[in-house]
Engineer: 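Please find one structure pasted underneath; my questions will follow.
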Amino acid sequence: MSGSRTFTMIKPDAVLNGHMGAIIQDITNAGFKIIAMKYTRLSADRAGEFYAVHKERPFYADLVSYMSSGNIVAAVLEKENAVLAFRELIGATDPQKAAEGTIRKKYAASISANAIHGSDSDENAVIEAGFFFSQLEMFV
Ligand code: ATP
Ligand code: MG
């Protein structure tokens, strides 16, 4: 039986600090199936487009330059109730407020360099996955 899907990025701080393998392990240990995965980098333009909903926020420029500062891992994941289950696995946006055992609590440096992204709705998961992967790459 297949579940629903979400989209994630392991952010530049987590890659740079050597947490990529441990984070992927946490994700698969939590029962997520990897549908597609890519080790890549965002240009500032692409990062700006990805986070366009935050355009008016005071942290937007920093967010865009941070997200284009190094390599990331983009992935499409599948599990029952994937969006909500994944947000629980990664924890609150601010790692200081994230629950014990969550990915952000374990690996994030700060609210701006917070180790990992998770889609906030089924609709955005589809849009964000399509930003990185073709239909063929997601056909499993
Ligand atoms: P993401 O979308 O990356 O999974 P999120 O959904 O938990 O994170 P959003 O509100 O969508 O949080 O913010 C997107 C990203 O912008 C955050 O992950 C964080 O890196 C950055 N950000 C959010 N709020 C702040 C803030 N107050 N100061 C600095 N950076 C922030
Ligand atoms: Mg968000």
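Indexing begins at 1, ligand by ligand and atom by atom, following the structure's order. Heavy atoms only: backbone and side chains are in, while hydrogens, waters and symmetry mates are out. Counting from 1, the numbers follow the sequence of the chain as shown.
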Engineer: Please write down residue, atom name and distance for the protein heavy atom closest to atom 6 (O) of ligand 1.
Structural biologist: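 Protein heavy atom at minimum distance: Arg87 NH1, 2.9 Å.
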Engineer: Can you tell me which residue and heavy atom of the protein come closest to atom 26 (C) of ligand 1, and the distance to 0.1 Å?
Structural biologist: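 The closest one turns out to be Phe59 CD2, 3.6 Å.
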Engineer: Any heavy-atom pair between the side chains of Thr93 and Asn114 that's under 4.5 Å?
Structural biologist: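 Sidechains of Thr93 and Asn114: in contact.
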Engineer: Under a 4.0 Å heavy-atom limit, does Tyr51 contact ligand 1 with its side chain, its backbone, both, or neither?
Structural biologist: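 Side chain only.
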Engineer: List, by chain and number, the other hydrophobic cluster members for Leu16, where Ile, Leu, Val, Met, Phe, Trp and Tyr join if side-chain heavy atoms come within less than 4.5 Å, directly or indirectly.
Structural biologist: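 In the cluster with Leu16 there is nothing else; it is isolated.
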Engineer: Run Asn124 and Asp120 through side chain to side chain donor-acceptor pair (under 3.5 Å) and show every step you take.
Structural biologist: CA-CA 7 Å; Asn124 283 336; Asp120 60 14; 2.7 Å; yes
Engineer: Please enumerate all residues that pass salt bridge (Lys or Arg N to Asp or Glu O under 4.0 Å) together with Glu137, with sequence neighbours excluded.
Structural biologist: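 If we apply the salt bridge (Lys or Arg N to Asp or Glu O under 4.0 Å) test to Glu137, skipping adjacent residues, the hits are Lys38.
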Engineer: Would you call the rings of His19 and Tyr107 parallel, tilted or perpendicular, taking 30° and 60° as the class edges?
Structural biologist: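 Because their plane-to-plane angle lies in the 30° to 60° range, the rings of His19 and Tyr107 count as tilted.
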Engineer: Can you say whether the rings of Phe7 and Phe132 are parallel (under 30°), tilted (30 to 60°) or perpendicular (over 60°)?
Structural biologist: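 Correct class here is parallel.
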Engineer: Considering only the protein, which heavy-atom contact is closest to atom 8 (O) of ligand 1, and what is its distance?
Structural biologist: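 The answer is Arg104 NH2, 3.2 Å.
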Engineer: Is ligand 1 under 4.0 Å from a heavy atom in the side chain of Met67, in the backbone, in both, or in neither?
Structural biologist: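 Near ligand 1, Met67 shows nothing, with every heavy atom at 4.0 Å or more.
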Engineer: Is Arg57 touching ligand 1 with its side chain, its backbone, both, or neither, if touching means heavy atoms under 4.0 Å apart?
Structural biologist: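 For Arg57, there is no contact with ligand 1 at all, from either part.
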Engineer: What residue and heavy atom of the protein are closest to atom 4 (O) of ligand 1, and at what distance?
Structural biologist: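 Looking at atom 4 (O) of ligand 1, the protein heavy atom closest to it is His117 ND1, 2.9 Å.
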Engineer: Can you tell me the protein heavy atom closest to atom 20 (O) of ligand 1 and the distance?
Structural biologist: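 Closest protein heavy atom to atom 20 (O) of ligand 1: Ile111 O, 3.2 Å.
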Engineer: Can you tell me the protein heavy atom closest to atom 13 (O) of ligand 1 and the distance?
Structural biologist: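 Protein heavy atom at minimum distance: His54 NE2, 3.5 Å.
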Engineer: Of the side chain and backbone of Thr93, name the one, both, or neither that has a heavy atom under 4.0 Å from an atom of ligand 1.
Structural biologist: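 Within the 4.0 Å criterion, Thr93 contacts ligand 1 through backbone and side-chain atoms alike.
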Engineer: Taking 4.0 angstrom as the limit and counting only heavy atoms of Ser112, give me the atoms of ligand 1 inside it, by number and element.
Structural biologist: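 Checking each atom against Ser112, I get 20 (O), 30 (N).
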Engineer: Should the ring pair Phe50 and Phe131 be called parallel, tilted or perpendicular, given that the plane angle runs from 0 to 90° and is split at 30 and 60?
Structural biologist: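 Phe50 and Phe131: perpendicular rings.
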Engineer: Do any N or O atoms from the side chain of Arg41 and from the backbone of Ser69 form a donor-acceptor pair under 3.5 angstrom?
Structural biologist: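 Yes; at least one donor-acceptor contact below 3.5 Å.
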Engineer: Is it the case that ligand 1 has an N or O less than 3.5 angstrom from some N or O of Gly118?
Structural biologist: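 For ligand 1, there is an N or O atom that lies under 3.5 Å from one belonging to Gly118.
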Engineer: Should Arg5 and Asp122 count as an ion pair when the cut-off is N to O under 4.0 Å?
Structural biologist: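 The answer is no: the pair does not qualify as a salt bridge.
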Engineer: For atom 17 (C) of ligand 1, find the nearest protein heavy atom and state the residue, atom name and distance (0.1 Å precision).
Structural biologist: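 That would be Asn114 ND2, 3.6 Å.
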Engineer: For atom 15 (C) of ligand 1, grab the closest protein heavy atom and report residue, atom and distance to one decimal in Å.
Structural biologist: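 Going atom by atom, the protein heavy atom closest to atom 15 (C) of ligand 1 ends up being Leu63 CD1, 3.9 Å.
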